[in-house]
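So the structure is just underneath, and the comments pick up after that.
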Amino acid sequence: MAENALPKGYEPKDVEERWRVHWETEKTFTPDPDGPGEPFSIVIPPPNVTGNLHIGHALNLTLQDILCRYNRQKGKKVLWIPGMDHAGIATQNVVERRLAKEGKKRQDLGREAFVERVWEWKKQYGDNILRQIRAMGASVDWTRLRFTMDEGLSKAVREVFVKLYEDKLIYKGDYIINWCTRCHTALADDEVEHTPRRGFIWHIRYPLADGSGDIVIATTRPETMLGDTAVCVHPEDERYQHLIGKSVRLPLTNREIRIIADKYVDREFGTGALKVTPSHDVNDWQLGFKHHLEFRQVIDDMGNMNEEAGPYAGLSRDEARKRIVADLEEQGFLVQVEPHENNVGVCYRCKSVIEPYVSTQWFVATSKMAPKARAAVPAEIRIVPENWTKTYYNWLDNIRDWCISRQIWWGHRIPAWTCQDCGELIVAVETPKECPHCRSSRLEQDPDVLDTWFSSALWPFSTMGWPERTRELEVFYPTSVLVTGFDILFFWVARMIMMGQHFMGEVPFRDVYIHALVRDAEGKKMSKSTGNVIDPLEMIEKYGTDSLRFTLCAFAAMGRDIKLSEERIEGYRHFVNKLWNAARFSLMNLPDADVPDYDFDDIARYFENKAECLHHQWILTRLEKVKADTDASISGYRFNDAAQNLYKFLWSEFCDWYLELIKPDMQAGGTRQGVAQCVLLTVLREFLTLLHPIMPFVTAEIWAALPQSANPDNNAHCGDIACAPFPKANPKREYEAAARDMELVQEVTGTVRTIRAELNISPALKLNVMVRPASPADAAIIMANEERVRTLARLESLVADAHAEPPRASASGVARGNEIIVPLAGIVDFAAELARLDKETAKLDKESAMLSGKLANEKYVERAPAEVVAKDRERLLEIDVARKKLDALKARFKEALEE
RNA sequence: GGGCGGUUAGCUCAAUUGGCAGAGCAUCGGCCUUACAAGCCGAGGGUCGUAGGUUCGAGCCCUACACCGCCCACCA
């Protein structure tokens with residue numbers, strides 16, 4: 001007993017670290033591509049290298065790890081590739097901030113030195129997020145760690161760029177893009193966040209050039225008027241129809257611009273007349289092309305007014321606005337100012353207001369790739385939960401080409417060169433030596449880098465060695481499932497699908513499981529900048545990783561966001577503790593060696609006709625059920641169901657009943673004890689393997705302490721639970737009838753306990769209980785478990801006698817038709833017992849009325865499934881019997897009172 | 001404007017194809033019963049957002065509405 005005893009308290013810190021080291025040094029999670037079993041693979045959504053593990057990662061990692069560990073148990077060869085993303089803008093910003101503390105700008109260092117500086121930073125801090133992944137217990141293959149800026153992955157990026165360029169799916173052009181004046185770079189459409197800002201709408205009078213009147217336009221950005229090249233009205237707007245084709249004189253500059261008509265204009269909004277600034281507004285840009293307008297740029301890349309702005313040149317956007325409004329007012333052009341709330345686009349990284357800005361950029365023709373990616377769902381890719389499919393379609397149906405060039409320094413440099421002599425554009429994987437057109441060696445590489453998501457889009461195959469044709473790709477591509485939050489469905493998932501299809505000729509994953517987002521109290525996305533995050537590492541420190549993982553798993557219900565609080569994690573720590581103590585108790589009752597290795601056929605024979613073995617049969621039956629449930633839940637991504645079932649089984653069934661019920665067996669010795677030990681060990685072992693994917697550490701620790709078993713049928717014991725197979729369903733261990741009989745024992749116990757509690761009978765007082773059984777069979781069951789009921793209900797004696805004449809002064813209850821009589825002479829308050837019985841009968845009456853009502857309904861009896869009706873009838877009969885017995889007991893009790 | 005989700009016990013949330021509304025925490029009462037007081041035993045607590053509809057039967061399906069929230073698009 002001493003040898004395999006566990007320490008009294010579970011210390012997650014020590015235990016966890018030991019197992020992390022064990023799994024790493026043993027390379028437990030490094031699969032052999034040529035090994036046996038079906039492949040199962042996942043690529044980790046690469047966290048930012050600047051990242052700190054937040055609760056969303058913790059959830060994401062937990063769910064992936066559950067799937068990996070589960071599938072490993074199922075005998076598959078599992079590959080989970082870890083890695084991280086270089087996170088272009090984010091990382092550059094971090095390093096720039098550090099430079100700023102030294103009073104430097106990146107320009108002071110120059111490009112090369114700055115990039116070098118970022119690499120240094122990465123070397124120093126890049127492991128941070130990896131340590132955190134490790135802390136979560138993620139069963140990733142560390143030997144295959146990847147970084148998006150690794151040489152191999154960079155090669156893949158260049159290959160893809162060149163191929164897409166050759167396929168005419170990447171092109172360069174002048175477009176109006178989202179420009180962050182602070183980060184000084186272009187942003188993709190989905191990198192722009194919209195936030196409501198209080199502002200104003202100014203009504204400005206533009207006088208007609210011919211002096212015949214004027215037209216009033218409404219704008220939220222008066223400073224852009226310097227770049228106006230038209231005024232637009234709705235063609236059918238009666239107010240303005242006569243003005244179409246005329247010209248107005250732009251205030252402040254006196255420049256003449258045309259009045260055009262387009263159905264794009266909303267007649268209801270503002271004055272119904274729109275100023276058109278093609279260079280500084282996305283919609284105006286479109287109008288500019290459609291109506292062949294002049295493109296006049298007045299704001300520069302820093303967000304300041306340029307020389308085109310005349311007297312306002314050099315002013316910031318905001319300053320220019322103030323001055324222009326003041327001047328307009330002074331000159332009598334300002335008609336009206338009204339407050340207006342509008343949605344302003346801001347940079348997702350630095351929250352600066354985005355400036356629509358015309359510049360030369362690189363684009364991926366995602367509009368051309370979208371239809372194929374759309375068609376892949378659901379034919380080749382299943383999105384779970386399914387309702388995200390619609391969102392996916394919606395995005396692809398309205399997709400615009402993807403701007404991929406970024407004017408920053410940290411990232412994959414665009415593999416394009418311009419010949420300084422002849423202007424030839426060269427796109428190539430390797431740096432060209434000379435211009436293929438004019439042989440000049442004066443080639444200049446495009447200064448821009450690629451959007452971070454470009455390399456992420458290749459992640460499922462670049463991590464497996466593409467463009468080399470590796471064994472990994474052959475075996476593990478496409479991956480089995482992608483686990484991610486919906487927030488990057490567009491950024492990442494859709495683009496991976498496009499790239500996978502184009503370069504691998506095959507989608508990158510079979511399933512996409514979209515999990516909840518962990519949100520804050522207001523239902524907003526948790527993020528560092530808002531400051532109200534729950535730090536998973538702190539939770540791990542306080543409550544252990546298993547508690548955190550179990551909590552996240554238990555709340556990972558599909559299609560619903562998680563509002564997490566620390567108390568819940570604390571609550572599930574109790575569950576870890578419960579398991580630990582149950583294991584401790586089990587080990588105290590198991591021998592160190594020579595575990596009884598009874599064949600389960602022998603055990604089955606031993607059970608035959610033995611009512612005192614009902615508890616074994618019951619727990620084995622329940623175990624089969626929880627095995628099947630866990631299997632179905634995890635494979636169906638119903639993580640919360642799995643957690644709930646396992647919790648209930650361990651606590652409410654295994655601990656509350658089974659462990660209590662075997663206590664007498666353990667005292668008995670002989671075969672009776674041996675069988676109990678064998679069943680106990682089997683249940684514990686199989687339960688641990690079921691729970692292991694969710695709680696890897698505590699299960700591993702307990703597993704290792706279990707005594708060895710020589711019998712391979714009893715779930716081969718390999719020392720490390722991570723390698724133990726998922727317990728197979730075993731129909732021979734299902735004993736439905738015995739399990740139901742066991743429930744009678746539970747009900748009898750419960751009835752006595754309720755009487756005791758409600759009548760305030762001291763638990764120290766051992767009662768003598770009499771049962772008037774409903775049938776000889778019930779009597780046999782109860783008496784075969786007499787010892788157990790006595791222990792559980794704390795009785796002095798328990799007798800079953802159909803003809804027993806109970807003392808009048810007694811409390812009583814009915815358990816499945818069996819009258820439970822507790823003699824009370826001198827113990828309790830009689831009025832309390834009478835009140836209790838009244839309450840009991842009232843409850844039965846209510847249920848009886850409900851059932852009779854239902855059964856009186858002809859249509860119900862006629863149309864409901866036979867078994868449903870039969871069940872109701874059965875229950876009604878049961879109630880009637882109980883009711884009659886209670887009445888009799890009550891009557892006798894009253895008589896006793898009167899005497 | 002389009003799409004999606006939510007509204008169930010005091011709080012946070014479950015309920016697998018429609019069949020007696022559950023759990024954890026909190027509350028109340030009683031217990032140190034030799035694995036666990038991070039525990040044990042028991043109890044109370046609900047017109048399942050509102051109004052209709054389908055059905056023998058609705059938390060679940062249909063329609064409308066209210067409130068909360070998210071995503072996308074965006075009216076200058």
Side-chain angles (χ1 to χ4, degrees), chain A residues 6 8-10 189-190 194 201 217-221 224 232 264-277 281-284 340 342-343 345 385 387-388 390-391 393-395 398 486-487 489-490 517 519 522-525 554-555 557 559-565 567-568 570-589 629 632-633 636 638 640-641 644 647-648 652 655-656 659-660 663 749-750 753-758 760-764 791-794 847 850-851 854 857-865 867-869 871-872 875:
Chain A
L6 293 169
K8 189 159 160 58
Y10 175 61
D189 291 337
D190 46 19
H194 293 271
I201 187 156
I217 57 91
T219 181
T220 54
R221 296 198 60 193
T224 62
C232 190
Y264 162 75
V265 175
D266 179 355
R267 278 173 279 187
E268 307 302 317
F269 190 88
T271 60
L274 167 74
K275 71 192 249 330
V276 184
T277 322
D281 183 277
V282 179
N283 295 305
D284 293 5
H340 179 71
N342 55 346
N343 261 335
N387 44 310
W388 287 106
K390 213 167 172 177
T391 310
Y393 288 157
N394 199 286
W395 188 71
N398 297 296
F486 62 80
D487 50 333
L489 186 62
F490 310 132
L517 228 54
R519 294 182 183 278
E522 288 145 28
K524 286 200 174 144
K525 221 165 125 176
F555 289 102
R560 187 156 179 159
D561 292 335
I562 300 178
K563 265 194 261 171
L564 196 67
S565 70
E567 294 80 66
R568 323 192 80 180
E570 195 183 347
Y572 281 114
R573 180 184 53 168
H574 299 177
F575 178 65
V576 178
N577 189 250
K578 189 73 178 175
L579 171 63
W580 184 257
N581 280 299
R584 236 160 43 85
F585 175 78
S586 301
L587 286 170
M588 285 177 193
N589 286 288
D629 284 349
S633 302
R638 298 196 319 272
N640 59 320
D641 282 354
Q644 215 172 344
Y647 184 100
K648 210 170 167 182
S652 312
C655 290
D656 287 353
L659 292 186
E660 296 301 328
K663 281 177 180 173
T749 307
R753 283 172 172 172
T754 304
I755 290 171
R756 187 194 276 282
E758 295 200 339
N760 269 323
I761 302 170
S762 159
T791 314
L792 294 175
R794 302 183 63 75
E847 197 182 343
M850 190 268 289
L851 288 171
K854 255 168 101 176
N857 183 342
E858 276 172 36
K859 283 182 179 170
Y860 170 66
V861 177
E862 200 176 300
R863 296 189 199 179
E867 71 260 24
V868 173
V869 178
K871 219 168 120 190
D872 281 353
R875 177 70 189 142

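Note that the coordinates shown come from a computational prediction; the quantities given were computed from them, not determined experimentally. Order of the sequence lines sets the chain letters (A, B, ...), proteins ahead of strands, with each chain counted from 1.
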Worksheet item: In this structure, which one of A:Asp284, A:Asp281, A:Thr224 forms a side-chain hydrogen bond (donor to acceptor under 3.5 Å, both in side chains) with A:Lys275?
Response: A:Thr224
Discussion item. Rounded to whole Å, please give me the gap between CZ in A:Arg638 and C1' in B:A15.
Written reply: 12 Å
Worksheet item: Can you name the residues that form a side chain to side chain donor-acceptor pair (under 3.5 Å) with A:Arg221, not counting sequence neighbours?
Response: A:Glu223, A:Glu355
Worksheet entry | Residues which pass side chain to side chain donor-acceptor pair (under 3.5 Å) with A:Arg267, listed by chain and number, not counting sequence neighbours | none
Worksheet item: Are the side chains of A:Arg794 and A:Arg756 in touch, meaning some heavy atoms are under 4.5 Å apart?
Response: yes
Worksheet item: Between A:Tyr647 and A:Tyr572, what is the ring plane arrangement, given parallel below 30°, perpendicular above 60°, and tilted in between?
Response: perpendicular
Worksheet item: Could you state the CD-C1' distance from A:Glu268 to B:A76, rounded to the nearest angstrom?
Response: 14 Å
Worksheet item: Dot-bracket for RNA chain B, 5' to 3', with Watson-Crick and G-U pairs under 3.5 Å, [ ] for crossing pairs and | for other-strand pairs: what is it?
Response: (((((((..((((.....[..)))).(((((.......))))).....(((((..]....))))))))))))....
Worksheet item: Could you state the OH-C1' distance from A:Tyr264 to B:A73, rounded to the nearest angstrom?
Response: 12 Å
Return the polar atom pairs (N/O with N/O) between nucleotides 17-21 of chain B and the protein under 3.5 Å, or none.
from: B:C20; atom 1: O2; to: A:Glu847; atom 2: OE2; distance (Å): 3.4

Discussion item. Going by the rule side chain to side chain contact (heavy atoms under 4.5 Å, CB included), which residues pair with A:Glu567 if we only count those two or more places apart in sequence or in a different chain?
Written reply: A:Ser565
Response to the item:
Between CZ of A:Arg267 and C1' of B:A76 the distance, given in whole Å, is 16 Å
Worksheet item: Less than 4.5 Å apart, any side-chain heavy atom of A:Thr391 and any of A:Phe486?
Response: no
Worksheet item: Who passes side chain to side chain contact (heavy atoms under 4.5 Å, CB included) against A:His340, sequence neighbours left out?
Response: A:Ile201, A:Thr220, A:Phe269, A:Asn342
Practice prompt. Quick one: list whatever passes side chain to side chain donor-acceptor pair (under 3.5 Å) with A:Glu660, sequence neighbours left out.
Written response: A:Lys663
Worksheet entry | Counterpart residues, side chain to side chain contact (heavy atoms under 4.5 Å, CB included), relative to A:Asn857 (two or more places apart) | A:Lys859, A:Tyr860
Worksheet entry | Residues that A:Thr791 engages under side chain to side chain contact (heavy atoms under 4.5 Å, CB included), provided they are two or more places apart | A:Pro664
Fill in: Nucleotide B:G42, atom P - distance to CG of A:Leu792 in whole Å
10 Å
Worksheet, complete the sentence: Readout for nucleotides 23-35 of chain B: B = base within 4.0 Å of protein heavy atom, S = sugar-phosphate only, - = neither; 5' to 3' it is -S----SS--B-B
Item to complete: Pick base, sugar-phosphate or nothing for A:Asn577, based on heavy-atom distances below 4.0 Å to the nucleic acid.
Response: base
Worksheet, complete the sentence: Hits for side chain to side chain donor-acceptor pair (under 3.5 Å) against A:Lys854, two or more places apart or cross-chain, chain-then-number order -> A:Asp872
Could you write out each protein N or O paired with an N or O of nucleotides 1-4 of chain B at a distance under 3.5 Å?
from: B:C4; atom 1: OP1; to: A:Lys390; atom 2: NZ; distance (Å): 2.8

